[in-house]
Amino acid sequence: MSVRVRFAPSPTGEPHIGNVRTVVFNWLFARKMGGQFILRIEDTDRVRYQPETIPVIMEGLRWLGLDWDEGPGLEELQRAGIEDAERYAVGGPYGPYIQSERLPLYRQVAEELVAVGWAYRCNCSPERLEQVRQAQRARGQPPMYDRHCRYLPPDAISPDEPHVIRLKVPLTGRTTFQDVIKGEVIFENAGIDDQVLLKSDGFPTYHLAVVVDDHYMKVTHVIRGDDWVPSTPKHVLLYQALGWEMPVFCHVPLVTMPGGKKLAKREGATSITEFRKQGYLPEALLNFLALLGWAPGEGEEQEIFSRAELIERFDLYRVNRAPAAFSYDKLDWMNGVYIRSLSPDDLLERLLPFWQDAGLIPAPCPPQTREVLRRIVPLIQERIKHLTDVVELTDFFFTEIAPPPAEELLAQGLDAERAREVLRRTREVLANVSDFGEETIEPPLRALVAELGLTTRQVFGLIRTATTGKAVSPPLFGTLSILERERVLARLEAAEAQLTAR
RNA sequence: GCCCCCAUCGUCUAGCCAGGUUAGGACACAGGCCUUUCAAGCCUGAAACACGGGUUCAAAUCCCGUUGGGGGUACCA
């Protein structure tokens, strides 16, 4: 039978990067095994529901290259009020793939469980439940539902009055399951709460919905975060009660922040959208995430893997047991590696939106500007770690610069008079050079350095500051050539004036 | 509190299952080379088996305990 896995986000916000790593494992496993990767929307929490995050989640997956074989279809997306539903509709034979579209199914299963004695109705008020929990805590007992309604006569609560349906967990014995990563995990039934399966608003809780959907969608492997381990016995009980075949469970370790701190949904954990905005390449992020908690092993020392290589080598059974800390340092390095490996034209295309967002070049990029960019890219390719870095590194090509203050011009240790001389002589040289190509500029400037008896650092540093306004810039001769003679001479003159004014 | 999971350089990890390694690699860090700045590249360095007991000729590897970390404990997922 074909492997079927799923990512089932709840549209209450954008998934944090730890969740995304788990999605990567799911996707890699599906592709490796030639199976299906399913996207299911778990919108059963009506309080925290934010429909607008559905397309954001989908957009993020697409950007990362995590395509899904089955997922919400056109009509259900339209009913959810998603704009551009056509753009995201995939559909599939086991839909609908949005849980709010499957309500009758959950209710039916819940009623079945009540009928066979595996579940019961409960109309305890939230206040009473809270009181019970507080009392238990005060006594130093684990907070659990006291099963008040479990022992009521079967007809004590009418199906028509507001109530929830709870799982009737066996009071004794133990529930166990085999986990791909952890091996056998054992829970005493006495410690398992009578979990609510169907809420009073008619929506299922995660526990009911996940079991029902995974069953009917023929999911074979449940690959999810470690945080689900404690609720897995409830799911196992449900599978047993319903007589359904169990999927393979695989609980992958969580991802923490660099300090080892918790990576909770709202703790500023970065989302795919944020990484994208910060100038990370999707292939770099994918590569990095795949290596967070997994390594090919067998003495393999390669760390840069193409998408195809990751699929080929990924092994779910080799995923680590211990949680992994996210490292921006390593991601940055990897992003730089990927940026350097791009063809200049490809890099140019990816850089374009960042230059445009910064207002440095017009939105439809004119052909002339593109030619300039084509000359700039090779100069900066090995100097940026993020696509966003290009803005600060190249802005002086597109905007006028304020003449640098004297102290910056004199940073190389020259006195004002000497610096003025350097600038004046440089202007003479550059005014008379036959053409303004990189190779034509360099020899006479080097000759000038020798003639003046100064160091290249002193002279070129001064020219750099004068023409770019920065102490750090792309390689000087290429930069001057792209700037062109007129602007270079003007900036040199302006700098000279700065020193004179002094 | 109770339940569950986890433990190799600062970080990601290889090695563990099938005991014998100078415990390997990468990021970051330090020093050097190259060099017009910054990068990139190259070379070198520092850096780990959490602790305590077993088992064994031999333990990072197997067992137990301790400590530490993480997760769960909702009509959230």
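Predicted model only: the values in this text are computed from it and were never measured. Just so we're on the same page: letters track the sequence lines, and every chain starts at 1.
- Set against A40(B), G70(B), G25(B), the side chain of Leu254(A) has G70(B) as its closest nucleotide.
- When each of A40(B), C75(B), U36(B) is scored by its nearest atom to the side-chain atoms of Val196(A), the top-ranked nucleotide is C75(B).
- The listed nucleotides are A26(B), G72(B), A74(B); the one nearest the side chain of Trp333(A) is A26(B).
- The side chain of Pro142(A) lies closest to C2(B) when the candidates are C2(B), G70(B), G25(B).
- Judged by Watson-Crick or G-U wobble contacts below 3.5 Å, the nucleotide U21(B) has no partner.
- C27(B) and G10(B) make up a base pair, with Watson-Crick or G-U wobble contacts both under 3.5 Å.
- A donor and an acceptor atom never sit less than 3.5 Å apart when one is taken from the side chain of Arg457(A) and the other from the base of U36(B).
- For Asp213(A) (side chain) and Val210(A) (main-chain N/O), no donor-acceptor pair under 3.5 Å exists by modelled atom type.
- Remark: the Arg464(A) side chain and the Thr479(A) side chain contain no N/O donor-acceptor pair separated by less than 3.5 Å.
- Considering only the side chain of Thr44(A), A77(B) comes nearest among C4(B), C6(B), A77(B).
- Counting distance only, with no hydrogens placed and no angle test, the side-chain atoms of Arg321(A) and the base atoms of C6(B) include no donor-acceptor pair under 3.5 Å.
- When both distances must be under 3.5 Å, the Watson-Crick or G-U wobble mate of A60(B) does not exist.
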